[in-house]
Amino acid sequence: MSRIEWTHDQQEIIEARDSNILVSAAAGSGKTTVLIERIYQRIMDSQAPVDVDRFVIVTFTRAAAAQMRDHLRGRLEEALENKPDDVHLQRQIQLMGSAHISTVHSFCGYVIQNYFHRIGIDPSYRQGTESELALIRKEVLSELLEEKYEEGEESFESLAEMNMFNRSDEKMEEMVYSIYDKAMSEPFPLEWLERIESFYDVADEEEWERSAVSQCVMADCRQIVAGMQEELDQLLHICAEPDGPYVYEDNVKELVSICEELQGAEAYEQFRSILQGFSVSAMSRKKGDGIDREKREEVKERRSRCKTTLTDMRDMYFYQGRKEHLHDLSAMGKNICTLIRLTKEFASRYTEAKRDRNVVDFNDLEQLALSILLDRDDETGEYVRSLAALELSEHFEEIMIDEYQDSNRVQDTLLASISRDGLPGKKPNLFMVGDVKQSIYRFRNACPELFAGKLQTYQMVPGADCRRIDLHENFRSRDVVLEGSNCVFERIMRRDIGGVEYDREARLQPGRSFAPTDKPVADKIDTYIIMDPGDAELEARLAATRIREMTEGEEPLYIQEGDSMRRVMYKDIVILTRSIRSVGQTYFDVLTEAGLPVVMEHSQGFFDTREI
């Protein structure tokens, strides 16, 4: 391995000790290499060496864990080649078999297998397959709903008669599954469900105003208005341009004034009063001199969209007063609370059905491990570390979490419980690395707010108990790619949309130097506009044409590999789509017909394949 010239921030990450450390690592910033070097340096520390099995290193997938294990083993073996008589290095390679480099679920399994006696679970359990667990869920919920229909309880019948449920049980089942999955991503699911029930226990109008429902609506509306203010500000700039539609300036300012009033409104009724009473004049019919026709139409159309947004907001949220909303919330709350109680009962029966079969799912692994690691204090009612958690926190020198932006609250609580954070006389030892901009698993109940919150509270100061270090430089891509990404995301990503302000600190910075060459390289981003966005076959044919040009055209592209340049090969090209299921087969067929070698990865089940 050639000597790596670490950047200043990379070196800080490798050397930082005795702190909780949050690393915000941009795409292509070399985070895995830095992480491996940090572990290696801690293992080889002459003052305080740490055995490799004294780390907990969790990442999101088994493939990533296997890759990290291979990289660390390779780093140790390379060092042993240079120091073949080093007994410490020999021992570390022997310990690699017991090193805790795994997914969080595999680590949960380790906790359960070692402390199963604390919760009375049979340690011979097995992890159920996806299809097996789906069948158990379906069976349990179907039986539960059948019983509820037979019992004929008034509250359940009221729920079942709702428009969204009265045609079939499918929608109700989907809703129960969704609530259950969300609850299981919280540290104490039954308590979380009880808190959700309490949201609908609202006594009067003032309490409704302070309720989570009302506050959520008001926050969303203020966010919409803030976005509209930015839009209107852009329109005023267009109006002020030399060939801009200055005759529309007053029309735009009318909406600006309404938005300012709305942002100053402190309560629902104030907001409602403004929206109920607002009206704007028709667009000016003055032709004006020297006005660009396209700019006139642009301002007119965008201003109309802003006006429509206000009327839609009024009609959706502010069509009635607090008293009527309170009545609706009370009526709806009864059905929602019935749905939540149904979810609780499903959760209990589903757990019992799995125990009867001695199987667990991923949620079980997390919740069982958490029940081992936390105990409820009888006096305070708070959850505190158990003896098992204290024992593990004493054993493990560092808790390292990769892809932290994709953690949920259960995982975060679980791993924090085995750390030394907050223990008297102990130095904090959590190490979290990720990038909130790359969080894509919210649909699996990931909670990127955990990462975003620490971005705001951790200090970029050496020696701080909770320290933040950023890696902005990208060592993978050419500057044109980074400029394109920055151009898009600085316009659409803010703290309230995406969890981070895409400012100078968040921008991707080029960190790699590419050798000058007279060969054709990717030095621009091409954009092709297809008027019919649903024509996947046309898109695929365009892709096939471009692939031919890049690989076999008169001026094929070249890429840098090591210190030399080579022609682009088929394996260097990837096609990203929003959904493989919807367009993947079309792309595959078109590229295959064009004589291009293509591999398509998908997760369709057996009965979804074309042959079946």
Side-chain angles (χ1 to χ4, degrees), residues 1 4 10 13-14 21-43 52-78 92-93 95-111 127 130 185 361-363 365-366 369 396 398-412 414-416 418-419 430-448 450-451 454 469 471 474-477 571 574 576 580 599 601-603:
M1 177 179 173
I4 298 176
Q10 289 175 332
I13 293 168
I14 292 168
I21 299 170
L22 181 75
V23 177
S24 180
S29 60
K31 64 164 184 145
T32 301
T33 304
V34 173
L35 183 62
I36 294 298
E37 187 63 20
R38 174 181 173 82
I39 298 167
Y40 173 77
Q41 293 293 347
R42 290 215 62 183
I43 290 171
V52 70
D53 63 348
R54 303 288 294 276
F55 294 91
V56 172
I57 307 162
V58 298
T59 190
F60 202 68
T61 66
R62 292 178 179 176
Q67 185 182 53
M68 194 171 293
R69 182 182 293 272
D70 289 343
H71 286 173
L72 181 55
R73 182 185 294 275
R75 182 72 177 92
L76 293 170
E77 289 176 346
E78 177 191 52
Q92 300 313 305
I93 292 173
L95 288 173
M96 279 298 299
S98 57
H100 300 279
I101 305 174
S102 67
T103 63
V104 68
H105 297 111
S106 294
F107 181 74
C108 289
Y110 164 82
V111 173
Q127 191 165 325
E130 186 176 344
S185 72
D361 60 17
F362 288 126
N363 289 327
L365 290 172
E366 293 177 355
F396 292 118
E398 187 160 12
I399 314 299
M400 311 182 87
I401 311 168
D402 191 19
E403 306 294 357
Y404 181 61
Q405 78 279 355
D406 291 323
S407 296
N408 64 32
R409 295 187 190 278
V410 178
Q411 295 161 1
D412 187 56
L414 189 150
L415 293 169
I418 61 166
S419 76
L430 279 167
F431 182 94
M432 300 150 285
V433 59
D435 181 8
V436 72
K437 300 188 294 298
Q438 297 184 60
S439 178
I440 59 172
Y441 288 106
R442 190 184 288 272
F443 72 96
R444 291 182 180 172
N445 294 311
C447 187
L450 295 169
F451 192 106
K454 289 182 173 64
I469 306 174
L471 294 178
N474 177 291
F475 298 92
R476 183 184 300 151
S477 306
K571 68 177 183 179
V574 63
L576 302 177
I580 289 290
V599 175
E601 295 183 3
H602 61 86
S603 57

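Remember, predicted model here, so these are calculated numbers, not experimental data.
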Exercise. Among Tyr110, Phe60, Phe362, find the residue that satisfies the ring pair (Phe, Tyr, Trp, His ring centres under 6.0 Å) test when tested with His105.
Key: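 Only one of Tyr110, Phe60, Phe362 forms a ring pair (Phe, Tyr, Trp, His ring centres under 6.0 Å) with His105, namely Phe362.
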
N/O donor-acceptor pair under 3.5 Å between [X] side chain and [Y] backbone:
| X | Y | value |
| --- | --- | --- |
| Ser98 | Leu95 | yes |
| Arg69 | Met96 | yes |
| Gln92 | Val52 | yes |
| Asn474 | Ala27 | yes |
| Gln405 | Pro448 | no |
| Gln10 | Ser29 | yes |
| Arg409 | Cys447 | no |

Quiz item: In chain order, what residues pass the salt bridge (Lys or Arg N to Asp or Glu O under 4.0 Å) check against Asp402, with sequence neighbours excluded?
Solution: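 Testing Asp402 for salt bridge (Lys or Arg N to Asp or Glu O under 4.0 Å), a comparison that skips the adjacent residues, returns Lys31.
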
To the closest 0.5 Å, what do you measure between [atom1] ([X]) and [atom2] ([Y])?
| X | Y | atom1 | atom2 | value |
| --- | --- | --- | --- | --- |
| Ile13 | Gln41 | CD1 | CD | 13.5 Å |
| Leu72 | Ile36 | CG | CD1 | 5.0 Å |
| Leu415 | Cys108 | CG | SG | 7.5 Å |
| Met68 | Thr59 | CE | OG1 | 5.0 Å |
| Ile401 | Ile57 | CD1 | CD1 | 11.5 Å |

[X] vs [Y] side-chain heavy atoms within contact, under 4.5 Å:
| X | Y | result |
| --- | --- | --- |
| Val23 | Tyr404 | no |
| Glu366 | Asn408 | yes |
| Phe55 | Met400 | yes |
| Ile418 | Val111 | no |

Nearest heavy-atom neighbours spanning [X] and [Y]:
| X | Y | result |
| --- | --- | --- |
| Asp435 | Ala26 | OD2-CA, 3.7 Å |
| Glu77 | Ile93 | CG-CD1, 3.8 Å |
| Val433 | Phe451 | C-CE1, 4.3 Å |
| Ser439 | Asp406 | OG-OD1, 3.5 Å |
| Val56 | Phe107 | CG2-CE1, 3.7 Å |
| Leu414 | Ala369 | CD1-CB, 3.6 Å |

Practice problem: Using side chain to side chain contact (heavy atoms under 4.5 Å, CB included) as the criterion, point out the one residue from Ile21, Ile399, Leu22 that pairs with Leu430. | Solution: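 Filter result, single survivor: Ile399.
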
Practice problem: May I ask you to decide if the ring planes of His100 and Phe396 are parallel, tilted or perpendicular, using 30° and 60° as cut-offs? | Solution: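 It falls in the perpendicular class, over 60°.
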
Quiz item: Thr103: what forms a side chain to side chain donor-acceptor pair (under 3.5 Å) with it, not counting sequence neighbours?
Solution: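 Scan of Thr103 (side chain to side chain donor-acceptor pair (under 3.5 Å), adjacent residues dropped) gives Ser106.
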
Self-check item: Set of residues satisfying side chain to side chain donor-acceptor pair (under 3.5 Å) with respect to Asn445, sequence neighbours excluded
Solution: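 Here no residue qualifies.
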
Practice problem: Report the C-alpha separation of Glu398 and Ile39 in whole Å, then their side-chain angles, then the decisive distance to 0.1 Å, and conclude whether the side chain to side chain contact (heavy atoms under 4.5 Å, CB included) test is met. | Solution: CA-CA 9 Å; Glu398 187 160 12; Ile39 298 167; over 6 Å; no

